Q: 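Okay, here's the structure, questions in a sec.
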Protein chains: 2
Amino acid sequence: MKGNAVYKRSYNGCLAICGTLGLGDEMPSENEISQSLSVSRTTIRAVMAGLEAAAILTRDSGARRLARFPEAADAFPDTQTVSTSATVERRFLEWILQGHIGPGHLLTAAELARQFGTSTTIIREHLPHFQHFGLIERRPNSAWLFKGVTPAFAHEIYEVREMFELRAARSFIDLPDESLPWQRMRAIEAEHRALLMEIDKGYALFPDLDERLHRTVHETADNRFIKDFYDIISMLFHYNAQWDAEDEKQRTFTALTEHLAYIEALLRRDLKAMDRACRQHLKTARGNLLRSIDARTKTPRR
Amino acid sequence: MKGNAVYKRSYNGCLAICGTLGLGDEMPSENEISQSLSVSRTTIRAVMAGLEAAAILTRDSGARRLARFPEAADAFPDTQTVSTSATVERRFLEWILQGHIGPGHLLTAAELARQFGTSTTIIREHLPHFQHFGLIERRPNSAWLFKGVTPAFAHEIYEVREMFELRAARSFIDLPDESLPWQRMRAIEAEHRALLMEIDKGYALFPDLDERLHRTVHETADNRFIKDFYDIISMLFHYNAQWDAEDEKQRTFTALTEHLAYIEALLRRDLKAMDRACRQHLKTARGNLLRSIDARTKTPRR
DNA sequence: ATTTTGTTTATTTTATACAATAGACAGAAT
DNA sequence: ATTCTGTCTATTGTATAAAATAAACAAAAT
């Protein structure tokens with residue numbers, strides 16, 4: 001009825017803790033472990049029982065001691081440590097972004113449930129989320145309309161993104177030099193320069209850096225709707241990046257350069273230059289998205 | 001397991017059709033009725049059976065004829081014609097806007113289900129929606145955090161609203177005089193003037209007019225995210241208006257005047273004046289929201 | 001040939017069931 | 001006095017069930 005992904009994730013987490021111990025050493029208290037793994041003590045107790053059953057821990061008048069070092073085979077595979085819900089969300093978004101269906105297609109919860117091997121409950125929980133993404137439209141008592149990842153979608157999402165990012169960047173400029181976002185931004189600038197030096201090796205690290213830069217800017221707006229919208233952008237780009245590997249190095253180089261112009265303008269508090277650099281960067285990014293949408297339309301189903 | 005609000009709504013709709021007939025007249029075809037009520041033929045057939053059972057229609061070799069005129073008592077009460085889901089959504093939002101709980105309060109799906117007399121399924125379907133509204137925050141495997149209808153909420157929602165409305169207004173100005181939104185806007189202007197003439201009688205009509213004005217502007221942006229956001233605004237204001245009756249006439253008068261300045265600037269394509277009028281109006285509106293939030297904080301639970 | 005009705009099948013909406021997880025409380029241990 | 005563990009209770013996540021509704025198909029009728 002309910003999966004046990006939390007248990008398995010915690011089990012793997014406890015295995016890691018075991019790895020830091022010597023044979024015969026005592027495990028930390030249940031409270032300590034549950035806090036460090038952000039999980040209830042109930043779950044930890046269940047994990048402890050599992051570890052005892054696997055002869056990794058032994059009971060010794062209340063205390064639990066390491067009986068043997070865990071091996072790689074003791075851990076649960078990563079695929080089992082995420083909830084059904086999260087798995088379906090990922091697979092559904094990937095499926096859509098890979099262009100398996102076109103605009104106008106009707107999605108039925110029952111069919112999706114069969115396709116992804118879950119219950120309709122899970123599907124019905126996620127469809128409104130994708131509606132929030134602007135990807136589908138609800139028809140009460142009927143199927144959902146897929147609106148498609150079209151050029152119009154790209155233009156609309158970027159129109160809002162530009163408004164929000166410019167607004168946020170303006171509030172960033174108003175912050176004092178010692179504020180946390182400014183400190184972060186200076187670190188991010190350094191990382192950009194470092195990455196540019198080693199572009200051949202490091203460009204795989206760029207997506208994470210990109211995310212941190214834009215999120216740092218967006219968060220200074222201190223507006224839940226702006227943050228929430230960036231979550232959409234972020235999710236979309238995360239999955240989009242995975243199947244759009246073409247020219248990745250070149251695109252990364254361009255993005256790094258544009259980012260640096262943007263960051264420098266921000267840190268100089270040069271509003272004009274910031275505005276220009278930001279628009280330029282978003283224009284490039286939108287162009288990339290449009291290009292990958294176009295490519296997908298021509299060769300769907302990968 | 002499933003309510004039959006659609007049946008009851010359709011039943012009432014068919015009663016209305018019966019009212020247009022004379023005794024002994026034949027009912028329209030099932031197809032015709034189902035299309036005019038936007039409902040499946042299956043439902044219509046069930047309704048027909050109900051009407052026959054109520055001796056309003058008689059069967060006469062295939063054809064259905066009016067046997068007696070329906071009375072008011074034949075109809076289902078309106079409360080039964082909306083789905084459980086829609087009812088809960090309304091009641092939940094009203095409950096929140098009336099200030100029954102404060103910021104920081106934890107909401108559990110199980111408790112809400114008991115409170116509103118439904119299953120947790122329905123509640124779990126709506127909570128993400130209110131998250132989208134920026135009112136609550138999810139804690140996986142745990143309760144939801146109510147963030148409160150606070151001054152911060154008002155500021156954040158209005159910051160975005162202003163960005164979106166100004167953007168949309170700019171695209172409105174770019175449209176040709178004969179476009180549909182311009183035609184609508186001229187009609188809306190006339191309605192404003194009419195309402196100003198009879199402010200004492202007609203101010204109850206203002207909320208609807210307000211909705212149409214702003215939606216006309218927003219729709220010209222042709223951006224699903226902007227439209228979607230206006231849905232939030234709209235919903236919020238609809239319920240907020242219901243318990244904020246203080247000074248309603250005075251506020252309506254101010255709003256009508258501000259609207260007219262805004263509309264005139266739009267129709268003159270005067271960007272500067274439009275910008276000014278729009279900001280002024282939204283500032284007033286935000287002030288009203290802040291005032292009512294403040295009032296609620298002082299005297300919660302109505 | 002299209003429209004209408006009867007019949008059958010699939011899907012949506014809603015409630016409920018049950019394992020996993022969280023959280024609370026009391027006694028035991030430091 | 002705090003922290004730890006054992007135990008118990010409540011809630012969440014997910015699947016399933018059943019009625020309402022939609023949709024598809026076939027025979028009958030215009």
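Keep in mind the model is a prediction, meaning the values are calculated, not measured. So that the names make sense, note that chain A is the first sequence line, chain B the second, and so on, each numbered from 1. What you see below is based on every heavy atom in this structure, not just the backbone, and it leaves out hydrogens, waters and symmetry mates.
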Q: CD of A/Gln115 versus C1' of C/dT11: gap in Å, rounded?
A: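 In whole Å, C/dT11 C1' and A/Gln115 CD are 16 Å from each other.
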Q: Does B/Ser40 have a side-chain nitrogen or oxygen under 4.0 Å from the phosphate oxygens OP1 or OP2 of D/dT21?
A: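 No, B/Ser40 has no side-chain N/O under 4.0 Å of OP1/OP2 on D/dT21.
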Q: Could you tell me if the side chain of B/Leu23 sits less than 4.5 Å from the side chain of B/Phe69, heavy atoms only?
A: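 With C-beta onward as the side chain, the pair touches.
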Q: Taking only side-chain N and O atoms of B/Arg45, does any of them lie within less than 4.0 angstrom of OP1 or OP2 on C/dG6?
A: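 For C/dG6, OP1 or OP2 has a side-chain N or O of B/Arg45 closer than 4.0 Å.
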Q: Could you check whether A/Arg114 gets within reach of a base, just the sugar-phosphate, or nothing at all, counting any heavy atom under 4.0 Å?
A: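 Sugar-phosphate, no base atom in range.
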Q: Round to the nearest Å and state the distance from B/Met1 atom CE to C/dT14 atom P.
A: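 Rounded to whole Å, this separation is 13 Å.
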Q: Side-chain N or O of B/Thr120 less than 4.0 angstrom from OP1 or OP2 on D/dT11?
A: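 So the side-chain polar atoms of B/Thr120 never come under 4.0 Å of the phosphate oxygens OP1 or OP2 of D/dT11.
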Q: May I have the distance from A/Leu106 (atom CG) to D/dA22 (atom P), rounded to whole angstrom?
A: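 From A/Leu106 CG to D/dA22 P: 15 Å.
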Q: Using a heavy-atom cut-off of under 4.0 Å over every strand shown, decide if A/Gly62 touches base, sugar-phosphate, or nothing.
A: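 No contact.
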Q: Please confirm whether the backbone N or O of B/Leu97 pairs with a side-chain atom of B/Arg296, one donor and one acceptor, at under 3.5 Å?
A: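 Side chain of B/Arg296 to backbone of B/Leu97: a pair is present.
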Q: If only side-chain N and O atoms of B/Ser29 are considered, is one of them under 4.0 Å from the OP1 or OP2 phosphate oxygen of C/dT4?
A: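 Answer is yes, contact under 4.0 Å.
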Q: What I want to find out is whether A/Arg68 reaches A/Asp74 closely enough, with some N-O distance under 4.0 Å, to be called a salt bridge.
A: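 The answer is yes: the pair qualifies as a salt bridge.
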Q: Any side-chain N or O of B/Arg138 below 4.0 angstrom from OP1/OP2 of D/dG13?
A: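 Looking at the OP1 and OP2 atoms of D/dG13, one of them is under 4.0 Å from a side-chain N or O of B/Arg138.
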Q: Under 4.0 Å: is that the gap between some side-chain N or O of B/Arg41 and OP1 or OP2 of C/dT3?
A: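 It does not, given that no N or O in the side chain of B/Arg41 lies less than 4.0 Å from OP1 or OP2 of C/dT3.
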Q: Just how far, in rounded Å, is C1' of C/dT4 from CD of B/Glu30?
A: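 Atom CD in B/Glu30 sits about 7 Å away from atom C1' in C/dT4.
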Q: Expressed as a whole number of angstroms, how long is the span from B/Trp144:CH2 to D/dT11:P?
A: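 One finds 17 Å between P of D/dT11 and CH2 of B/Trp144, rounded.
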Q: Between A/Pro140 and B/Ser142, who's closer to the 5' end of DNA chain D by nearest nucleotide?
A: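 Result: B/Ser142.
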Q: Report the residue (B/Ser85 or A/Glu111) whose heavy-atom-nearest nucleotide on DNA chain C is the more 5′ of the two.
A: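 The 5'-side residue here is A/Glu111.
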Q: May I ask you to verify if any side-chain N or O of A/Arg59 is less than 4.0 angstrom from the OP1 or OP2 atom of D/dG6?
A: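 So the side-chain polar atoms of A/Arg59 do come within 4.0 Å of the phosphate oxygens OP1 or OP2 of D/dG6, strictly under.
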Q: Is any side-chain nitrogen or oxygen of B/Asn31 closer than 4.0 Å to OP1 or OP2 of C/dT4?
A: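 So the side-chain polar atoms of B/Asn31 do come within 4.0 Å of the phosphate oxygens OP1 or OP2 of C/dT4, strictly under.
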Q: Nearest-Å distance, CE (A/Met27) to P (D/dT5)?
A: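 Taking atom P of D/dT5 as the reference, CE of A/Met27 is at 11 Å.
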Q: Does the side chain of A/Thr42 get closer than 4.0 angstrom to OP1 or OP2 of C/dA22 through an N or O atom?
A: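 For A/Thr42, the contact criterion (side-chain N or O under 4.0 Å from OP1 or OP2 of C/dA22) is not met.
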Q: Please tell me whether A/Phe229 and B/Phe229 form a close aromatic pair, meaning their ring centres lie under 6.0 Å apart.
A: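 Between A/Phe229 and B/Phe229, the centre distance exceeds or equals 6.0 Å.
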Q: Find the distance A/His126:NE2 to D/dA15:P and express it as a whole number of Å.
A: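 Taking NE2 of A/His126 and P of D/dA15, I get 10 Å after rounding.
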Q: Contact class for B/Ala5 (heavy atom, under 4.0 Å): base, sugar-phosphate, or nothing?
A: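 It contacts sugar-phosphate atoms only.
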Q: Report yes if some heavy atom in the side chain of B/Leu112 is under 4.5 Å from a heavy atom in the side chain of B/Thr108; otherwise report no.
A: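 Counting from C-beta outward, B/Leu112 and B/Thr108 never come under 4.5 Å.
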Q: Are A/Phe153 and A/Lys147 side-chain neighbours, meaning at least one heavy-atom pair lies under 4.5 Å?
A: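 Answer no - side chains too far apart.
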Q: Do B/Thr121 side-chain and C/dT16 base share a donor-acceptor contact under 3.5 Å?
A: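 Indeed, a donor on one side and an acceptor on the other fall under 3.5 Å apart.
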Q: If each of A/Val39 and A/Leu107 is mapped to the nucleotide of DNA chain C with the nearest heavy atom, which maps nearer the 5' terminus, i.e. the 5' end?
A: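 Comparing both residues, the 5'-ward one is A/Leu107.
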Q: Select one nucleotide: of C/dT11, D/dA15, C/dT21, the one nearest the side-chain heavy atoms of A/Thr43.
A: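 Within the option list, the nearest is C/dT21.
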Q: In whole Å, I'd like the distance from the CD atom of A/Glu32 to the C1' atom of D/dT2.
A: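 Going from A/Glu32 (CD) to D/dT2 (C1'), I get 14 Å.
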Q: Is a donor-acceptor pair below 3.5 Å formed from side chain A/Lys2 to base C/dA19, judging by atom type as modelled?
A: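 Counting by modelled atom types and ignoring angles, no donor-acceptor contact under 3.5 Å is found here.
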Q: Mapping B/Asn4 and B/Arg124 to their closest nucleotides on DNA chain D, which lands nearer the 5' end?
A: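 Upstream on the strand: B/Arg124.
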Q: Angle class for the B/Phe164/A/Phe164 ring planes (parallel below 30°, perpendicular above 60°, tilted otherwise)?
A: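 If you compare the ring of B/Phe164 with that of A/Phe164, the planes turn out parallel.
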